[in-house]
Amino acid sequence: MTKVSTHEIDIVKSKNTKIHDVDFDNLTFGRVFTDHMFYCDYIDGEWQQPKIEPYGPMSIDPSARVFHYGQAVFEGMKAYKDDHGDVFLFRPDENFARINKSAKRLAIPEFPKNYFFEGLTTLLNLDKAWVKSGEGNSLYIRPFVIATDSAIAAAPSDNYRFMIICSPAKAYYKGTVKVLIAEEYSRSANGGVGFAKAAGNYAAQFYPTSLAQNKGFQQVIWTDADTHTFLEEAGTMNVFFRIGDTLITAPTSDRILDGVTRKSLIQLADDNAIKCEVRPIKVQEIVEASKNGSLKEIFGAGTAAVISPISDFEYQNTIYNLPEINEHSYSSILKQKMLNIQHNLAEDKHGWRYEI
Ligand SMILES: *Cc1c(COP(=O)(O)O)cnc(C)c1O
């Protein structure tokens, strides 16, 4: 692995900034991008000179394998700015490890660690003004890799492009989230790619999710593909259940993505004397807990929303309601603890912040 220092990234700076055209109070998630993008090509068995250029369209051959076989993986992470103007990432080492774990499963070469961190740091320093301070404000960062070979043979590509693009984000109150428990479709299967952030996992979810949306639900809770009896993930988030005073979340496997938010919440629960069990959980268990009044909360966990509380779920044509969330709900307590660490407002005893 060749060492690259900041001055070894080829940088072409944008002549002017688009930042003044952006209404930061009314952002739609993922539509506006910062002034620069990072990329690095894999050619002849090696990652080439990394580059930063003004953000914009690029030219790719129509036969590029990413278009035909979906050989692509990605990550999702965020940068936060505190009131002093310092910018932090949250556990970026986890995202780095995961993009390479995903890449390996999709037969994509691993990306070097020094390029990843140099790329991120240099890009964020150039586009620092796009990270706004204040709770709920962040810069969403999207690293991804695509197969670029111009040849439609069904085999892994010889050439790839690794990129990082960034989009300013604001947390919105989404209202109540109703979910449908999957009884027909599946997100992932044993031996499959469910644990990887593979682009195709998302494409495969769109249709069943749109069917659920037509019935008035926002998301699907995915169950195991074999029996549809075990609860696995909520949409594109990990999922937690609170029965009595105990949180429960499924163990990770080749079907369940190993979320950074999930593992951080398990740790924060432990730090705050909230019991959290990591074990398989059946749909029947939450149905019964709902009937006897012990099901207190269900929430999704992921980088985009941190925690997304669920208000109702449907299973076998019956709707089950959850109690209303208040400031004592585990979802409220744990979300605030996470946000405080991310925004440099609380002690970081596990060393999760990474200053840019
Ligand atoms: C990205 C993702 C998550 C959440 O992971 P975080 O690291 O917490 O953002 C959960 N499930 C799926 C399927 C995902 O793609």
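Since the model is a prediction, treat every value here as computed from it, not as a measurement.
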Show your working on side chain to side chain donor-acceptor pair (under 3.5 Å) between Asp82 and His343 and close with a plain yes or no.
-> CA-CA 5 Å; Asp82 70 9; His343 290 267; over 6 Å; no

Linked, directly or transitively: [X] and [Y] (ILVMFWY side chains, under 4.5 Å):
{"X": "Tyr42", "Y": "Phe116", "value": "yes"}
{"X": "Phe144", "Y": "Ile99", "value": "no"}
{"X": "Tyr80", "Y": "Leu89", "value": "no"}
{"X": "Val73", "Y": "Tyr202", "value": "no"}

Testing the 3.5 Å rule here: is there a donor-acceptor pair between the side chains of [X] and [Y]?
{"X": "Asn125", "Y": "Thr122", "value": "no"}
{"X": "Arg91", "Y": "Ser264", "value": "yes"}
{"X": "Ser63", "Y": "Asp61", "value": "yes"}
{"X": "Asp41", "Y": "Gln48", "value": "no"}
{"X": "Tyr185", "Y": "Gln205", "value": "no"}
{"X": "Thr17", "Y": "Asp35", "value": "yes"}
{"X": "Gln336", "Y": "Glu135", "value": "yes"}
{"X": "His84", "Y": "Asn344", "value": "no"}

Answer with yes or no after comparing the ring centroid distance for Phe111 and Trp47 against a 6.0 Å cut-off, counting only values under it.
->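 Ring centroids of Phe111 and Trp47 are less than 6.0 Å from each other.
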
Below 6.0 angstrom between ring centroids: does that apply to Phe162 and Tyr39?
->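 No, too far apart.
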
Heavy-atom check, side chain of [X] versus side chain of [Y], under 4.5 Å:
{"X": "Tyr55", "Y": "Thr34", "value": "no"}
{"X": "Met77", "Y": "Arg142", "value": "no"}
{"X": "Asn201", "Y": "Val193", "value": "yes"}
{"X": "Leu180", "Y": "Tyr315", "value": "no"}

side-chain contact (heavy atoms from CB on, under 4.5 Å) evaluation trace for Val278 with Arg262 | CA-CA 11 Å; Val278 178; Arg262 173 186 173 281; 3.5 Å; yes

Got a sec: does the [atom1] of [X] have more than 12 other heavy atoms crowding it under 6.0 Å?
{"X": "Lys275", "atom1": "NZ", "value": "no"}
{"X": "Lys51", "atom1": "NZ", "value": "no"}
{"X": "Arg279", "atom1": "CZ", "value": "yes"}
{"X": "Glu324", "atom1": "CD", "value": "no"}

Evaluate the ring planes of Phe96 and Phe117, with Trp represented by its six-membered ring, and classify them as parallel (under 30°), tilted (30 to 60°) or perpendicular (over 60°).
->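 Rings of Phe96 and Phe117: tilted, 30 to 60°.
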
Which of parallel (below 30°), tilted (30 to 60°) and perpendicular (above 60°) describes Phe240 and Phe299?
-> parallel

For the pair Gln342 and Lys78, evaluate side-chain contact (heavy atoms from CB on, under 4.5 Å) and give the outcome as yes or no after the intermediate values.
-> CA-CA 9 Å; Gln342 290 168 334; Lys78 279 179 170 179; over 6 Å; no

Step by step, would you call Thr223 with Glu183 a side-chain contact (heavy atoms from CB on, under 4.5 Å)?
-> CA-CA 7 Å; Thr223 50; Glu183 294 175 65; over 6 Å; no

All N/O donor-acceptor pairs, side-chain side in residues 241-248, below 3.5 Å, sequence neighbours left out:
{"from": "Arg242", "atom 1": "NE", "to": "Gly244", "atom 2": "O", "distance (Å)": "3.0"}
{"from": "Arg242", "atom 1": "NH1", "to": "Glu297", "atom 2": "OE2", "distance (Å)": "2.8"}
{"from": "Arg242", "atom 1": "NH2", "to": "Asp245", "atom 2": "OD1", "distance (Å)": "2.7"}

What is the distance from atom CG of Asp224 to atom OG1 of Thr227, rounded to the nearest 0.5 Å?
-> 3.0 Å

Going through the checks in order, is the side-chain contact (heavy atoms from CB on, under 4.5 Å) test met by Met163 and Val145?
-> CA-CA 6 Å; Met163 303 194 72; Val145 195; over 6 Å; no

Hey, does the side chain of Asn100 reach the backbone of Glu110 with a donor-acceptor pair shorter than 3.5 angstrom?
->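 Answer holds: no.
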
In terms of side-chain geometry, is the basic nitrogen of Glu233 or Arg255 positioned less than 4.0 Å from the acidic oxygen of its partner?
->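 Looking at Glu233 and Arg255, the cut-off is not met.
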
Find out whether the Lys NZ or Arg CZ of Lys132 is both under 6.0 angstrom from the six-membered ring centre of Phe24 and within 45° of the ring's axis.
->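 Cation-pi check for Lys132 and Phe24: passes.
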
